[in-house]
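We name chains A, B, ... by the order of the sequence lines, and we start the count at 1 in each one.
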Number of protein chains: 2
Amino acid sequence: MATPKPDPARRSPCPLACGLDLFGDRWTLLVVRDLVFGAERFKDFTASPEHIPTNLLADRLKRLGEHGIVVQVAAADGSRHPAYRLTAKGEALRPVLEAMRDWGLKWEEGTRVLKKAAG
Amino acid sequence: MATPKPDPARRSPCPLACGLDLFGDRWTLLVVRDLVFGAERFKDFTASPEHIPTNLLADRLKRLGEHGIVVQVAAADGSRHPAYRLTAKGEALRPVLEAMRDWGLKWEEGTRVLKKAAG
DNA sequence: TCGTCATACTTGCAAAATGAAAGCATTATG
DNA sequence: CATAATGCTTTCATTTTGCAAGTATGACGA
């Protein structure tokens with residue numbers, strides 16, 4: 001198979017710019033955070049303190065799915081409602097979240113970690 | 001001095017959410033990247049391959065200034081045009097950029113580092 | 001000092017994204 | 001079976017983005 005072409009919509013070959021095209025907004029990394037924290041179901045995400053609008057949540061889950069960061073799996077409890085899980089590519093974002101968390105804790109007054117990450 | 005209150009506009013005390021309110025968009029961290037790479041003047045930023053619109057660049061430099069991440073300094077070459085520099089708070093974002101860079105390099109096809117960071 | 005070019009923005013506007021609210025299937029529960 | 005919970009979609013006002021053009025100031029050579 002030929003070498004896959006880089007996305008023509010990409011702004012530059014910079015890995016940072018490329019990442020920001022994917023999760024450079026106010027919500028996407030919070031969804032990833034919730035997944036790291038063990039969220040699986042739609043309502044889990046809406047229960048987070050930031051209260052993401054449901055239309056944005058649906059959109060973000062879809063986008064993350066399209067980019068191989070999230071997959072739908074059968075719910076562990078046998079429910080037929082969809083459950084979401086991080087892929088390896090999604091789990092690999094953990095160091096990004098940790099770096100941002102550390103920065104926030106050090107430089108932004110009044111921030112604190114709310115729970116421990118699952119895993 | 002009394003304990004400073006947390007920003008009432010803050011979505012939650014989560015350091016991640018707080019950081020995203022500041023740099024959760026497609027451009028802000030690219031501006032920080034350019035500063036790490038040694039950019040100082042307005043035109044330096046516009047010369048980057050992503051070609052940030054000038055109205056957004058002006059807005060982002062202002063916001064970063066208001067949040068103590070960037071300061072205006074006298075230009076090293078004696079010019080009276082403004083020069084921008086990262087503060088310690090801004091330099092502290094370096095691990096965030098590095099984590100995102102590493103993620104992009106590993107998971108996003110065709111990305112590559114364009115230059116070496118200054119400093 | 002005058003003219004010219006570069007720099008550093010600001011303004012205007014169309015298009016896209018955001019976010020609040022309500023609506024509505026489908027699934028679970030008593 | 002009735003009712004509630006879940007997982008979305010739709011609507012629409014507001015905000016943000018991004019392109020293009022305009023403008024004001026600084027730098028520089030004649």
Side-chain angles (χ1 to χ4, degrees), chain A residues 7-12 14 17-32 34-35 38-67 70-85, chain B residues 8-12 14 17-31 34-35 38-67 70-85:
Chain A
D7 185 347
R10 197 171 279 178
R11 287 180 290 175
S12 83
C14 173
C18 184
L20 289 170
D21 280 337
L22 200 72
F23 49 74
D25 67 84
R26 290 171 67 242
W27 291 109
T28 301
L29 288 179
L30 294 185
V31 172
V32 175
D34 288 347
L35 285 159
E40 292 205 319
R41 301 262 299 266
F42 200 90
K43 60 160 181 159
D44 296 334
F45 301 97
T46 61
S48 282
E50 296 86 9
H51 296 103
I52 182 170
T54 57
N55 54 344
L56 295 189
L57 175 56
D59 176 77
R60 295 306 187 271
L61 287 171
K62 180 166 161 256
R63 278 174 52 95
L64 288 170
E66 289 166 354
H67 286 275
V70 160
V71 274
Q72 278 199 31
V73 297
D77 62 1
S79 161
R80 275 149 58 181
H81 286 306
Y84 300 93
R85 201 73 65 86
Chain B
R10 198 170 279 178
R11 287 180 290 175
S12 84
C14 171
C18 184
L20 289 170
D21 280 337
L22 200 71
F23 48 74
D25 67 84
R26 291 172 67 241
W27 292 108
T28 302
L29 288 180
L30 293 186
V31 172
D34 287 348
L35 286 160
E40 292 205 318
R41 301 264 299 267
F42 200 88
K43 60 160 182 160
D44 296 335
F45 301 96
T46 62
S48 281
E50 295 86 10
H51 296 102
I52 182 171
T54 57
N55 55 341
L56 296 188
L57 174 57
D59 177 77
R60 295 306 187 272
L61 286 171
K62 180 166 160 254
R63 278 175 52 96
L64 288 171
E66 287 166 356
H67 286 276
V70 160
V71 274
Q72 280 199 28
V73 297
D77 63 2
S79 161
R80 275 149 61 181
H81 286 306
Y84 300 93
R85 201 74 64 87

*Looking at every strand, decide which applies to A:Tyr84 at a 4.0 Å heavy-atom threshold: base, sugar-phosphate, or nothing.*
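Result for A:Tyr84 = sugar-phosphate.
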*What does B:Asn55 touch in the nucleic acid at a heavy-atom separation under 4.0 angstrom: a base, only the sugar-phosphate, or nothing?*
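Answer is base: heavy atoms of B:Asn55 come under 4.0 Å of a base.
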Distance in angstrom units between [X] [atom1] and [N] [atom2], rounded:
X	N	atom1	atom2	result
B:Glu50	D:dT17	CD	C1'	16 Å
B:Asp59	C:dA8	CG	P	17 Å
A:Arg80	C:dA25	CZ	C1'	14 Å
B:Ile52	D:dT16	CD1	P	15 Å
B:Leu56	C:dC9	CG	P	14 Å
A:Asp21	D:dT17	CG	P	14 Å
A:Arg11	D:dG18	CZ	C1'	12 Å
B:Phe23	D:dT16	CZ	C1'	19 Å

*When rounded to the nearest 0.5 angstrom, what is the spacing between OG1 in B:Thr54 and NZ in B:Lys43?*
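Nearest 0.5 Å value for the OG1-NZ distance: 16.0 Å.
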Ignoring backbone atoms, test whether [X] places a side-chain nitrogen or oxygen under 4.0 Å from the OP1 or OP2 oxygen of [N].
X	N	value
A:Arg60	C:dT18	yes
A:Ser79	C:dT27	no
A:Trp27	C:dG19	yes

Candidate nucleotides [options], ranked by approach to the side chain of [X] - the nearest:
X	options	answer
A:Thr54	D:dT9, D:dG18, C:dT18	D:dT9
B:Pro53	D:dG18, C:dA20, D:dC8	D:dG18
B:Arg26	C:dT18, D:dT6, D:dG18	D:dG18
A:Arg41	C:dA21, C:dT18, D:dG7	D:dG7
A:His81	C:dA8, D:dT6, D:dG18	D:dT6

_Main-chain N/O of A:Gly65 paired to A:His67 side chain as donor or acceptor, under 3.5 Å_ =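 The answer is no, because no donor-acceptor pair under 3.5 Å joins these two groups.
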*For the side chain of B:Asp21 and the backbone of B:Cys18, is there at least one donor-acceptor N/O pair under 3.5 Å apart?*
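No: the side chain of B:Asp21 does not pair with the backbone of B:Cys18.
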*Going by heavy atoms in the side chains, are B:Ile52 and B:Leu30 under 4.5 Å from each other?*
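Contact flag for B:Ile52/B:Leu30 side chains = no.
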*Flag the pair B:Leu61 / B:Val31 as yes when at least one side-chain heavy-atom distance between them is below 4.5 Å, and no otherwise.*
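Answer yes - side chains close enough.
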